Amino acid sequence: MKIYFDNIATTKIHPEVYKFMLPCLGENYGNPESLHFFGDESKSTIESSRSNIAQLINSKPEEIIFTSSGTEANNLAVKGVAEACLSIGKHLITSSIEHFSVHHPFKRLEKLGYEVTYLPVDRCGLVNPDDVRKSLRKDTILVSVMHANNEIGSIQPIEEISRVVKENSKAYFHTDAVQSVGYLDVDINKMGVDLLSISAHKFYGPKGVGALYVRKGTRMLPLIEGGVQENGRRAGTHNVPGIAGMGKAVEILKEKREEWATHLISLRDALVKGITNLVEKVHFTGHPQKRLPGHVSLCVEFIEGESMLMLLSAKGIAAASGSTCTSKALRASHVLTALALPAEIIQGSLVLSLSPDNHSSEIEYFLKVFPEIVSRLRNMSPLYTKYLKEKGV
Ligand code: PLP
């Protein structure tokens with residue numbers, strides 16, 4: 001049995017997406033910038049994909065920039081705006097639980113002389129819009145807060161945050177919607193964002209292609225230069241098959257998203273209920289309701305996340321952990337650390353992220369093997385033995 005519960009890492013490409021991409025990997029190989037019929041064919045594929053994405057998020061097609069990934073979209077948003085607005089100010093605001101593709105660009109900008117405010121989150125991983133208000137300054141040029149978190153599934157109050165940013169400053173507002181766009185309503189106008197990042201392989205499209213929405217009039221410099229593509233905002237010959245696949249994945253998403261969400265919520269709730277009933281000393285992380293539909297995250301006391309992953313993998317179940325082992329030490333996740341959970345709890349992090357392909361029989365199988373794995377690992381833990389002694393067992 002092979003069960004895939006790691007859809008935050010990547011999703012399986014949809015068969016219709018795969019089929020749709022094939023001609024672009026074969027006979028339709030023209031460079032979209034070429035001035036002949038081969039080029040025209042590729043150009044039209046790209047523009048139709050751009051229109052699909054624009055429609056999905058309620059933007060104009062010309063506000064979509066294709067990138068190589070969600071990582072590049074995030075880098076472009078943060079560094080591109082910071083550089084373009086240098087003469088206006090050098091203060092930036094972000095949350096303390098961003099994906100590294102947002103977090104690291106902010107760290108880089110700090111080294112270059114920008115000042116960054118890192119917003120705390122509450123126990124459920126939510127940013128308080130009031131904290132945003134208090135952090136805004138005359139020289140704040142950009143605020144970046146992610147829509148949904150990959151490790152804990154929490155969904156931020158983006159509309160409230162954007163209102164606070166707009167009412168109290170002239171700063172631009174960026175959100176990383178890489179994990180949310182496949183499962184939630186993402187509308188740039190309702191959300192009030194100026195920039196928004198997405199990535200195709202998180203919603204059943206191909207890897208190596210993403211997009212950044214940039215509201216018309218937003219000051220932003222390119223990261224990659226040397227060509228006229230994307231109106232000079234992102235140079236480099238387009239990944240035509242990838243872009244075609246992303247457009248098709250969006251088309252499927254528009255039709256299926258609500259149906260998927262209902263299915264995912266029922267599987268997710270069954271997992272949470274089952275784990276709660278079968279395993280003691282687990283701590284679910286993230287917000288219990290304001291969370292991604294197919295996302296379950298928890299910390300299991302007395303064991304390490306990676307040991308669980310290895311034993312689950314041996315039983316045919318692919319999952320993820322927030323805390324990962326390097327060769328020398330266990331590296332605690334910055335997201336779980338920001339929730340103010342004790343280090344010994346953080347190390348037992350487990351993330352189960354579902355897809356519409358998952359079935360209730362897979363949940364049942366997980367709930368059969370998981371308690372056995374937990375007890376096997378706990379039996380090797382001196383801390384668990386101590387806990388049992390204290391409990392008088
Ligand atoms: N942002 C979030 C929240 C993510 O979870 C990821 C990937 O896991 C990324 C950005 C990066 O996207 P990509 O894999 O397309 O570079």
Side-chain angles (χ1 to χ4, degrees), residues 4-13 17 49 53 57 64-80 94-108 121 125-127 144-156 158 174-184 186 191 193 195-213 223-224 234 236 239 241-243 245-247 249-250 253 285-287 290-297 318-324 333-336 338 349 351-355:
Y4 191 70
F5 284 168
D6 193 13
N7 288 277
I8 49 159
T10 195
T11 59
K12 183 179 166 192
I13 199 160
V17 170
S49 181
I53 297 166
I57 64 169
I64 303 294
I65 300 177
F66 286 113
T67 64
S68 66
S69 57
T71 297
E72 188 193 326
N74 283 337
N75 269 264
L76 176 57
V78 175
K79 294 177 187 164
T94 189
S95 88
S96 47
I97 61 163
E98 297 296 310
H99 187 263
F100 282 144
S101 57
V102 168
H103 186 73
H104 288 184
F106 276 108
K107 287 284 171 197
R108 161 68 75 92
V121 290
L126 297 191
V127 167
S144 179
V145 176
M146 73 199 309
H147 191 194
N149 185 273
N150 42 311
E151 277 183 55
I152 56 171
S154 296
I155 300 165
Q156 299 296 338
I158 293 297
H174 166 249
T175 194
D176 171 357
V178 164
Q179 289 293 348
S180 61
V181 76
Y183 307 102
L184 307 176
V186 169
M191 292 164 88
V193 295
L195 304 110
L196 179 141
S197 309
I198 64 174
S199 173
H201 75 108
K202 307 291 185 180
F203 54 88
Y204 316 100
K207 292 168 188 58
V209 58
L212 179 67
Y213 154 75
L223 283 188
I224 301 175
R234 200 283 185 182
N239 168 5
I243 292 171
M246 187 174 193
V250 162
L253 191 64
T285 54
H287 198 283
K290 293 173 192 167
R291 61 182 303 112
L292 288 169
H295 193 287
V296 177
S297 53
S321 171
S323 302
T324 51
S333 130
H334 69 293
V335 176
L336 299 176
S349 147
V351 183
L352 308 164
S353 47
L354 314 174
S355 86

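Counting starts at 1 for both ligands and their atoms, in listed order. Bear in mind the structure is a predicted one, so any value in this text is a computation, not a measurement.
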Within the 4.5 Å heavy-atom criterion, are Phe203 and Val250 side-chain neighbours or not?
yes
With side chains defined as the heavy atoms from C-beta onward, is the minimum distance between Phe66 and Met246 less than 4.5 Å?
yes
Please check if any side-chain donor atom of Glu72 sits under 3.5 Å from a side-chain acceptor atom of Ser69, or the reverse.
no
Set of ring-ring contact (aromatic ring centres under 6.0 Å, His included) partners for Tyr204, sequence neighbours left out:
Trp260
Would the distance check show the side chain of Lys79 and the main-chain N or O of Asn74 forming a donor-acceptor pair, the cut-off being under 3.5 Å?
no
Heavy-atom cut-off of under 4.0 Å around ligand 1: list whichever protein residues fall inside it, by chain and number.
Ile8, Ser69, Gly70, Thr71, Asn74, His99, Ser101, Met146, Asn150, Asp176, Val178, Gln179, Ser199, His201, Lys202
Would Ser154 and His287 count as a side-chain hydrogen bond (donor to acceptor under 3.5 Å, both in side chains) if you check the C-alpha gap in whole Å, the side-chain angles of each, and the deciding distance to 0.1 Å?
CA-CA 5 Å; Ser154 296; His287 198 283; over 6 Å; no
